[in-house]
Number of protein chains: 4
Amino acid sequence: MPKPPDATRRSERSRTAILDAALALITESGYAALTIEAIAARAGVGKQTIYRWWKGRGEIVLDALAEQVTAAGPPALPDTGDLEADLRLVVRATVAELADPKLSEITRALTVESLTSESFADQVRDRILRPQLDTIKDRLRGHVRAGIDPDLAVELFVGPMYHRWMLRTGPLTEEYADALVDLALAALRPGADRG
Amino acid sequence: MPKPPDATRRSERSRTAILDAALALITESGYAALTIEAIAARAGVGKQTIYRWWKGRGEIVLDALAEQVTAAGPPALPDTGDLEADLRLVVRATVAELADPKLSEITRALTVESLTSESFADQVRDRILRPQLDTIKDRLRGHVRAGIDPDLAVELFVGPMYHRWMLRTGPLTEEYADALVDLALAALRPGADRG
Amino acid sequence: MPKPPDATRRSERSRTAILDAALALITESGYAALTIEAIAARAGVGKQTIYRWWKGRGEIVLDALAEQVTAAGPPALPDTGDLEADLRLVVRATVAELADPKLSEITRALTVESLTSESFADQVRDRILRPQLDTIKDRLRGHVRAGIDPDLAVELFVGPMYHRWMLRTGPLTEEYADALVDLALAALRPGADRG
Amino acid sequence: MPKPPDATRRSERSRTAILDAALALITESGYAALTIEAIAARAGVGKQTIYRWWKGRGEIVLDALAEQVTAAGPPALPDTGDLEADLRLVVRATVAELADPKLSEITRALTVESLTSESFADQVRDRILRPQLDTIKDRLRGHVRAGIDPDLAVELFVGPMYHRWMLRTGPLTEEYADALVDLALAALRPGADRG
DNA sequence: GGGTAATCGAGACGGTACGTCATGTCTTGTG
DNA sequence: CACAAGACATGACGTACCGTCTCGATTACCC
């Protein structure tokens with residue numbers, strides 16, 4: 001019966017230091033070098049303080065990212081009226097992030113942990129991914145032919161992108177982003193079910 | 001200058017024992033429990049014999065899978081004339097494999113390692129993934145409207161599937177497989193570019 | 001900069017267990033079988049705990065012996081007034097110890113390590129040997145003709161003994177001990193410099 | 001029943017190369033670095049060739065030394081008529097050798113192995129040590145008072161020397177050598193038994 | 001002078017132990 | 001009681017050598 005710690009007495013200073021240290025280490029040296037001991041040392045914190053509040057390095061990265069996202073406000077998807085242009089913007093941005101080794105390090109970390117633990121995958125999905133996917137889903141509403149699962153529709157945009165990133169099956173360029181948007185939209189467009 | 005070992009002197013007995021042990025352990029206990037020491041012990045082999053021929057556990061799993069695939073012959077995609085039916089078959093099969101925790105363990109392993117090492121990702125792509133993707137690409141030829149990158153076309157089928165599997169964004173069922181095929185085909189079909 | 005561990009936090013339980021395990025193993029199986037892993041296993045201790053406080057197995061044996069010696073109090077050399085009788089006692093005791101394979105195992109260990117590392121030899125000399133030699137040196141005072149280096153005088157007793165033990169050049173018996181004392185005393189006795 | 005190899009077919013070239021390599025390695029890097037694999041590599045020889053003819057590295061060093069000694073001819077102890085002067089010569093020479101880290105490395109090796117294996121100690125004694133000690137023993141004959149074991153007499157010269165070398169209990173200088181000879185001779189001189 | 005049996009260089013093999021690293025838990029003051 | 005510090009038991013890492021083994025390729029002796 002390991003009783004839960006008293007959250008009201010938690011040190012904000014330590015919490016922030018840990019999150020900052022984790023982000024700094026992961027961008028400097030990659031996820032492989034991100035050990036609990038390294039975080040503790042860098043943050044000037046005892047290891048126990050980390051284990052008291054997090055289950056592992058994955059959760060720390062997750063929290064750090066969530067913090068960052070919260071600070072930046074909700075993900076904004078422009079609504080210029082031109083659906084294709086708007087989607088190109090987001091897809092291009094995501095592709096650019098994945099193409100950058102430093103920037104994609106956090107995504108790499110979360111993906112690895114998701115593959116390792118189902119409950120972790122659930123957390124990533126609900127806290128990080130869902131909000132992003134939902135903005136696309138909302139923007140798509142009304143432009144999709146009837147009978148199509150909205151979740152599947154969104155996956156049509158992000159799935160190929162992640163697949164290409166993970167398995168390096170091709171270049172991650174703006175042209176690729178545009179072609180992907182083009183293709184996915186063609187699938188969804190009303191009247192596309194029959195040539 | 002660590003000179004490479006003499007492959008002609010390699011012990012076939014040990015090679016097979018190691019590959020078998022790795023597969024047995026990964027299906028029994030998962031990738032996390034797959035340590036070099038465990039493989040060595042199970043295979044009745046010295047650790048050095050493993051390190052002599054492989055760089056890490058990822059490569060062993062990769063070789064084991066390649067062996068298996070080679071034994072099973074090239075992946076066969078039926079060509080009944082009905083493209084949609086044929087694709088449903090493969091996509092359903094893949095979805096079923098991903099839905100099974102045991103069967104997907106190897107895919108999980110290869111994905112984690114691909115995210116960890118670029119050169120490993122290249123190997124997975126070339127030795128495992130490419131042959132599979134190419135059968136779809138070939139089958140698709142002639143049924144896709146002009147100007148579409150064939151690789152992107154294939155990714156439209158597999159990307160969403162893997163994304164859903166990794167991040168658990170939805171159920172992996174036959175209905176899902178069919179819907180995915182339906183949607184992807186709609187995107188590719190000649191005349192789909194404009195409603 | 002490998003900073004030194006905090007000695008005040010050291011676990012007395014582990015320290016003792018390690019020393020005891022080392023002594024038990026060395027008398028049971030000899031110095032060759034005394035591995036760090038065996039000590040750790042026998043003591044129920046992690047290897048790192050050993051490496052944190054000792055440089056190698058030699059130092060452990062040294063500490064164990066020092067502990068034992070400390071517990072037994074300072075080496076007592078009787079002073080009955082009969083110098084020759086007193087010396088026979090110590091030399092006989094030492095010869096008996098060297099003649100016993102079990103008892104001499106520790107001496108063997110310390111000698112091997114002394115031959116391997118100069119700094120180790122210094123430790124053995126200062127912590128173990130010096131006290132023993134000094135009791136002889138003190139007892140000899142006043143019975144030695146002028147101009148003789150006291151250290152050399154003491155070596156005259158112990159040197160031949162160890163030499164015979166190490167290189168097995170002859171039996172280690174009480175007769176030998178007595179003859180050695182006889183001879184060494186003859187060398188030191190006032191008036192011995194000229195026949 | 002591991003039948004002994006046929007000595008008549010032995011490769012003289014390999015034998016010499018191994019002995020040379022062992023001596024070179026031991027003087028260059030010390031006994032600790034003298035591994036069978038290093039010798040084999042340096043000598044351009046297969047490991048099996050070493051194991052076929054020797055039991056371990058100690059025996060190789062022993063053979064190498066014996067070879068060297070044989071080449072140099074039997075140890076010569078001068079007989080100028082002045083016993084003390086003659087003994088000073090040998091003792092000084094031995095002390096000088098022990099004082100030199102490079103030169104004493106072989107002695108170190110043989111001593112360590114002697115402490116490890118009784119049968120090895122016997123070999124060292126019979127093949128290396130005895131001839132040296134016997135020259136002293138012979139030279140001493142006639143100058144020693146009755147009733148003294150000649151072997152013990154010799155040990156009086158070499159024992160203290162080795163003891164001081166092994167345990168670093170004092171400097172190994174010419175003055176030391178002379179004082180040792182002086183003292184030992186005093187013990188042996190006829191009429192020394194009673195002041 | 002060809003057949004054959006051993007030694008030879010080379011190095012892969014199953015092992016053991018090494019010394020290091022990180023894990024997650026526990027312990028010891030300090031604020 | 002949270003915290004910084006860090007010792008602890010555990011377990012895997014990747015490396016170094018061990019001593020045995022198997023593989024052609026020279027030998028060198030015998031018929």
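Letters A, B, ... mirror the listed sequences (proteins, then strands); counts begin at 1.
- Whole-Å rounding puts the D:Lys55 NZ to F:dC18 P distance at 17 Å.
- C:Glu12 and C:Thr16 are linked by a side-chain donor-acceptor pair at a separation below 3.5 angstrom, with hydrogens and angles left out of the test.
- When all heavy atoms of D:Ala40 and D:Gly46 are compared, the pair lying nearest together is CB-C, 4.4 Å.
- Dashed line: the shortest gap from a side-chain N or O of C:Ser11 to OP1 or OP2 of E:dT27 is not under 4.0 Å.
- B:Ser14 comes within 4.0 angstrom of the backbone, heavy atoms only, and of no base.
- A salt bridge links B:Glu67 with B:Arg15: at least one charged nitrogen is closer than 4.0 Å to a carboxylate oxygen.
- Protein atom CH2 of C:Trp54 is 15 Å distant from nucleotide atom P of E:dG19, rounded to whole Å.
- Rounded to an integer number of Å, the gap from C:Lys3 NZ to F:dA4 C1' is 11 Å.
- With the nearest nucleotide of DNA chain F identified for both A:Arg13 and C:Pro5, A:Arg13 has the one nearer the 5' end.
- Rounded to whole Å, atom P of F:dT10 lies 17 Å from atom OH of C:Tyr51.
- Counting to the nearest Å, the C1' atom of E:dG15 and the CD1 atom of B:Ile36 are 17 Å from each other.
- Phosphate contact (OP1/OP2 of F:dC3, side-chain N/O of A:Trp53, threshold under 4.0 Å): present.
- The CD1-P distance, from A:Ile50 to E:dT23, rounds to 9 Å in whole Å.
- A salt bridge is absent between D:Glu105 and D:Lys102: the closest approach of a Lys/Arg side-chain nitrogen to an acidic carboxylate oxygen does not fall below 4.0 angstrom.
- Residue C:Thr49 places no side-chain N or O under 4.0 Å from the OP1 or OP2 atom of F:dA7.
- Listed pair A:Lys47 / F:dA7 fails the phosphate criterion, with no side-chain N or O lying under 4.0 Å from OP1 or OP2.
- Between C:Arg9 and C:Leu34, the residue whose closest nucleotide on DNA chain E is further toward the 5' end is C:Leu34.
- In this structure, the CZ atom of B:Arg52 is 15 Å from the P atom of F:dC17, given to the nearest Å.
- If you take CD1 on A:Ile36 and CD1 on A:Ile60, they are separated by 4.0 Å, rounding to the nearest 0.5 Å.
- The stretch residues 37-46 of chain D touches DNA chain E through D:Gly44, D:Val45, D:Gly46, each having a heavy atom within less than 4.0 Å of the strand.
- The residues A:Lys55 and A:Glu113 are annotated as not salt-bridged, no charged nitrogen and carboxylate oxygen being separated by less than 4.0 angstrom.
- Using a 4.0 Å heavy-atom distance criterion, B:Arg10 is classed as a sugar-phosphate-only contact.
- Between A:Gln48 and D:Asp6, the residue anchored nearer the 5' end of DNA chain E, judged by the nucleotide with its closest heavy atom, is D:Asp6.
- Salt bridge A:Asp20/A:Arg42: absent, no basic N to carboxylate O contact under 4.0 Å.
- For B:Glu12 and E:dC13, the CD to P distance is 11 Å, given to the nearest whole Å.
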